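Source: prediction; values computed, not measured.
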Amino acid sequence: MEGMDVLEEMGELTRRGQAFALATVVWRQPPSSSQPGARAVITADGELRGWIGGACAEPVVIREAQRVIAEGTARLLLLGTPDQFGGAVPDGMIVIPISCQSEGALEIYIEPVVPVPHLVVIGASPMARTLASLARALGWRTDLVDGPDFATDSADERSMIVVATQGHDDEDVLTRAVAAHPAYLGLVGSRRRGATVLGYLADRGVAQQELDRVKVPAGLDLGKTTHQEIAVAILAELVQLRASGALPGSGTGAGAGASAKPGRRKAADRPAEAVDPVCGMTVAAGSSLLLRHDGAEYYFCCAGCRQAFEQDPDAYTKKETRC
């Protein structure tokens with residue numbers, strides 16, 4: 001997968017609301033197998049799609065990309081040694097050694113791509129229209145639908161749903177909204193009205209743990225307010241919950257709906273990581289380049305490192321990381 005295929009994959013992940021990282025090769029030193037401009041998409045669960053280098057670079061890029069996704073901060077990596085920059089490594093660059101037999105090196109920029117929040121506002125009131133307008137001003141993907149037009153498959157576990165039908169088939173709409181298992185589900189209305197609606201759903205077999213997730217009334221408690229202020233209060237609550245990480249699935253969407261395709265490597269398919277005791281590179285523990293010495297297992301990125309260890313194991317055992 002390269003070129004337009006990577007761009008299409010990014011579009012697909014974005015449509016599914018999944019967080020991912022984009023890794024781009026910005027510099028290379030031969031004989032590295034990659035080229036400047038080579039790109040790969042890495043998902044939150046460690047699936048790499050594209051090409052940024054061979055077996056030396058891939059495990060490191062996947063590991064660092066997962067950190068980028070989790071932290072939301074881009075990283076610039078030098079896969080090589082500081083000597084390849086004359087000892088003057090630019091500020092902010094992370095140096096990760098991949099020496100081995102080759103003297104090649106890569107500079108890779110990894111940036112997070114966070115899914116745009118998805119808000120579904122159900123209702124036709126002025127408050128519902130104001131809320132949808134405010135959310136769109138934040139750049140959120142926002143759907144404003146009337147109660148009869150809302151379908152459960154219009155949202156998923158990454159979505160936020162606000163039911164603002166205000167007495168027009170609240171029970172039926174909320175039943176469909178609950179079935180979507182959204183990251184947030186709020187009902188606009190008084191506590192008394194909310195208790196009546198939730199009691200009705202409970203009597204008809206909706207699980208209590210699902211009903212407990214419904215916020216009634218939706219939004220921050222600002223007291224008696226106008227419909228515009230209610231919309232602001234609801235949006236403020238959603239922003240607050242997202243910023244605090246209290247909405248599982250709404251931020252990263254990691255793994256949700258993901259499916260493996262032929263030729264794609266998933267984290268579950270890869271062995272655990274180890275560190276090559278010779279060059280210090282991260283490698284897959286489970287590789288055929290395994291050597292047992294003095295009761296411990298050592299993994300190597302290439303035959304050259306394995307041979308160097310065999311010739312003088314004492315030179316490396318003090319700095320090795322054992323599996």
Side-chain angles (χ1 to χ4, degrees), residues 14-17 114-202 204 206-207 210-251 253 256:
T14 300
R15 282 189 292 274
R16 295 211 303 260
V114 180
V116 174
H118 180 216
L119 174 63
V120 180
V121 183
I122 308 172
S125 68
M127 192 288 301
R129 293 194 294 271
T130 300
L131 176 58
S133 177
L134 290 172
R136 288 170 181 149
L138 293 182
W140 291 12
R141 182 164 64 95
T142 306
D143 300 323
L144 176 63
V145 297
D146 204 356
D149 299 328
F150 174 73
T152 296
D153 60 5
S154 301
D156 58 28
E157 66 274 12
R158 295 176 297 272
S159 304
M160 298 170 287
I161 300 178
V162 175
V163 177
T165 43
Q166 296 181 292
H168 298 283
D169 298 320
D170 291 349
E171 295 83 0
D172 180 53
V173 173
L174 193 59
T175 298
R176 282 177 272 146
V178 166
H181 306 291
Y184 173 93
L185 176 54
L187 175 64
V188 178
S190 67
R191 288 184 175 84
R192 182 177 178 180
R193 173 60 182 163
T196 299
V197 173
L198 296 179
Y200 178 89
L201 268 59
R204 278 149 185 77
V206 178
E210 295 290 344
L211 298 179
D212 289 342
R213 297 181 61 245
V214 181
K215 174 67 185 305
V216 185
L220 301 179
D221 186 2
L222 300 182
K224 189 175 181 179
T225 56
T226 65
H227 79 262
Q228 294 97 334
E229 291 168 336
I230 292 172
V232 170
I234 294 172
L235 187 61
E237 179 181 54
L238 297 178
V239 171
Q240 181 185 66
L241 291 172
R242 282 180 49 81
S244 68
L247 296 183
S250 68

Under 3.5 Å donor-acceptor, T175 side chain and V173 backbone
no

Could you tell me if the side chain of Y184 sits less than 4.5 Å from the side chain of R213, heavy atoms only?
no

Step by step, work out the side chain to side chain contact (heavy atoms under 4.5 Å, CB included) result for L134 and L138.
CA-CA 7 Å; L134 290 172; L138 293 182; over 6 Å; no

Q240 side chain reached by L220 side chain, heavy atoms, under 4.5 Å:
yes

With a 4.5 Å heavy-atom cut-off, do E157 and P182 have their side chains touching?
no

Exam field: side chain D221 to backbone G223, donor-acceptor pair closer than 3.5 Å:
yes

Which residue pairs pass the side chain to side chain donor-acceptor pair (under 3.5 Å) test when at least one of the two sits in residues 189-198, sequence neighbours left out?
D170-R193, E171-R193

Check: L174 and L185 side chains under 4.5 Å, non-hydrogen atoms:
yes

Any sub-3.5 Å donor-acceptor pair from E229's side-chain atoms to T226's backbone N or O?
yes

At what distance, to the nearest 0.5 angstrom, does CZ of F150 lie from OG1 of T165?
11.0 Å

Taking every non-hydrogen atom, the tightest pair across V163 and A177:
CG2-CB, 4.2 Å

I need the minimum non-hydrogen distance between A180 and I161, along with the two atoms involved.
CB-CD1, 4.3 Å

Is the closest side-chain heavy-atom distance between R136 and R141 below 4.5 Å?
no

Are side-chain heavy atoms of V162 and V120 found at a separation under 4.5 Å?
no

Using modelled atom types only, decide if a donor and an acceptor are shared between the side chain of R129 and the backbone of G123 within a distance under 3.5 Å.
no

Can you give me the closest heavy-atom contact between M127 and A164, atom names plus distance?
CE-CB, 3.6 Å

With rounding to the nearest 0.5 Å, note down the distance linking CG in D149 to CG in L144.
10.0 Å

Looking at A124 and D146, what are the two nearest heavy atoms and their distance?
CB-OD1, 4.0 Å

If you define the side chain from C-beta out and look only at heavy atoms, does anything of V232 sit under 4.5 Å from L222?
no

Looking only at heavy atoms, what is the nearest atom pair of G189 and P217, with distance?
O-CB, 3.0 Å

When you check the side-chain N and O atoms of H118 and D143, is any donor under 3.5 Å from an acceptor?
yes

Side chains of V178 and V206 in contact at under 4.5 Å (non-hydrogen atoms):
yes

If you round to the nearest 0.5 Å, how far is CD of E237 from CE of M160?
11.0 Å

If you measure from CG on L211 to CG on L198, what distance do you get to the nearest 0.5 Å?
5.5 Å

Can you tell me how far CD of Q166 sits from NE2 of H227, rounded to the nearest 0.5 angstrom?
10.0 Å

Between atom OG of S125 and atom NE2 of H168, what is the distance when rounded to the nearest 0.5 Å?
9.0 Å

Can you name the closest pair of heavy atoms from A135 and L119 and give their distance?
CB-CD2, 3.6 Å

Check the side chains of Q228 and T130 for a donor-acceptor pair under 3.5 angstrom, ignoring hydrogens and angles.
no

